[in-house]
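As C-alpha cells, the structure follows; a few thoughts come after it.
Atoms within each ligand, like the ligands themselves, are counted from 1 in listed order.
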Amino acid sequence: MAAFHRLFVYGTLKRGQPNAEQFGPKNGVANYIGQARTVQKWPLVIASQCNIPYLLDREGIGNNIIGEIYEVDDKMLQHCDVFESCPQYYQRTTIQVQLIEDSAGSKVEGNIDDIFVYVLRDFKDFMLELPQYECYDSCGPHGLTYRSRYERLREYANHRLEVMKEKA
Ligand code: PCA
C-alpha cells in the first residue's frame, strides 16, 4: 500500500485560494480531512511585492493559525515540494495541529497531531514586524491580493530576495 502523509496548509493551497488546484488528480492523491488549528502560536504574514503568505519558523509568536489538513500520497507530497521550491525556499517541517471541523463541515475536537507544513526559515528580520494573521485569505480586508506565478515570472523574478536572508 502506498504511504500517506498529512499536510497542514495555511496559505494559497487552501480551498478557494489561488493555488488550490495543485491538489488536483494529475499531481497525485489529496484527500481533504478538514479544518484545523495550530496548537502553538505562529507568525503568519503576507510579504513581498507578490503578496505571498508565509508561516515564519518562530514558534510562540502570533496566532493559533487556522488552515486545512490534507492526506496526500508520495506523488502529491513530491509535487508540493517542487511547487513550493522546498527546501531552497520553503522548508517542510512538522507542526502540531488539532482538527476543528471535519470534511463534512461538522465541528469536532480532534486529536493533536504532528503533521507536515511549509515554513520560511531564513527570513529577514523585518518580516516579524509585519501584520500577523490568524487565517489567510488572498482576498481579505488587508488588500494584499496574491500575484499569480505567471505575473511573477514576467515582473517579479526576484521576489524571494525580498524576504530571504542572504547566505553568509
Ligand atoms: N502555500 C503553502 C505554503 C504557503 C503557500 O502559499 C500553503 O498553503 O500552506
Side-chain angles (χ1 to χ4, degrees), residues 4-24 27-59 61-73 75-101 103 113-124 127-128 130-140 142-153 156-157 159-164:
F4 275 88
H5 316 275
R6 286 194 163 210
L7 177 63
F8 176 74
V9 301
Y10 58 83
T12 61
L13 289 172
K14 293 193 300 183
R15 295 190 301 180
Q17 298 300 320
N19 294 322
E21 79 282 1
Q22 295 304 320
F23 285 136
N27 297 328
V29 178
N31 299 316
Y32 176 68
I33 303 299
Q35 243 192 23
R37 190 191 292 118
T38 63
V39 174
Q40 277 80 35
K41 295 189 187 308
W42 293 88
L44 169 58
V45 302
I46 301 175
S48 90
Q49 296 177 67
C50 296
N51 296 326
I52 297 173
Y54 298 101
L55 197 69
L56 304 178
D57 192 7
R58 195 63 65 81
E59 188 183 319
I61 300 175
N63 297 290
N64 298 90
I65 306 302
I66 295 178
E68 296 175 351
I69 299 179
Y70 287 83
E71 194 176 64
V72 298
D73 67 354
K75 184 177 171 199
M76 183 62 81
L77 189 63
Q78 261 268 294
H79 172 78
C80 289
D81 282 356
V82 172
F83 185 76
E84 301 297 352
S85 301
C86 170
Q88 303 83 355
Y89 179 36
Y90 287 91
Q91 307 280 321
R92 176 156 54 78
T93 173
T94 58
I95 193 166
Q96 277 199 328
V97 299
Q98 184 171 25
L99 198 70
I100 56 172
E101 191 184 290
S103 59
D113 225 352
D114 248 345
I115 70 175
F116 287 133
V117 65
Y118 293 103
V119 300
L120 193 66
R121 189 157 292 157
D122 299 318
F123 55 87
K124 290 188 169 157
M127 304 263 302
L128 283 169
L130 296 171
Q132 296 176 355
Y133 304 94
E134 178 186 27
C135 186
Y136 174 76
D137 179 5
S138 169
C139 296
H142 47 66
L144 302 171
T145 308
Y146 181 75
R147 277 187 214 278
S148 73
R149 296 196 166 211
Y150 173 67
E151 270 181 277
R152 228 185 276 173
L153 285 173
Y156 300 104
H159 68 279
R160 287 185 197 181
L161 301 178
E162 290 183 53
V163 300
M164 293 182 81

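- Remark: Arg15 is positioned above the aromatic ring of Tyr32, its terminal NZ or CZ atom under 6.0 angstrom from the ring centre and at most 45 degrees off the axis.
- Of the candidates Val82, Val29, Asn27, Val72, Leu77 forms a side chain to side chain contact (heavy atoms under 4.5 Å, CB included) with just one, namely Val72.
- Checked against the 6.0 Å centroid criterion, the rings of Tyr70 and Phe23 qualify as a close aromatic pair.
- Checked against the 6.0 Å centroid threshold, Tyr10 and Tyr136 do not count as a close aromatic pair.
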Under 3.5 Å: N or O atoms of ligand 1 paired with protein N or O:
residue, atom, partner, partner atom, Å
ligand 1, 1 (N), Glu84, OE2, 3.0
ligand 1, 6 (O), Thr12, N, 3.0
ligand 1, 6 (O), Thr12, OG1, 2.7
ligand 1, 8 (O), Gly11, N, 2.9
ligand 1, 8 (O), Thr12, N, 3.3
ligand 1, 8 (O), Leu13, N, 3.1
ligand 1, 9 (O), Tyr10, N, 3.0

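- Of the options Lys41, Gln98, Arg37, Glu134, a side chain to side chain donor-acceptor pair (under 3.5 Å) to Asn64 is made by Lys41 and by none of the others.
- For Tyr133 and His142, the distance between ring centers is under 6.0 angstrom.
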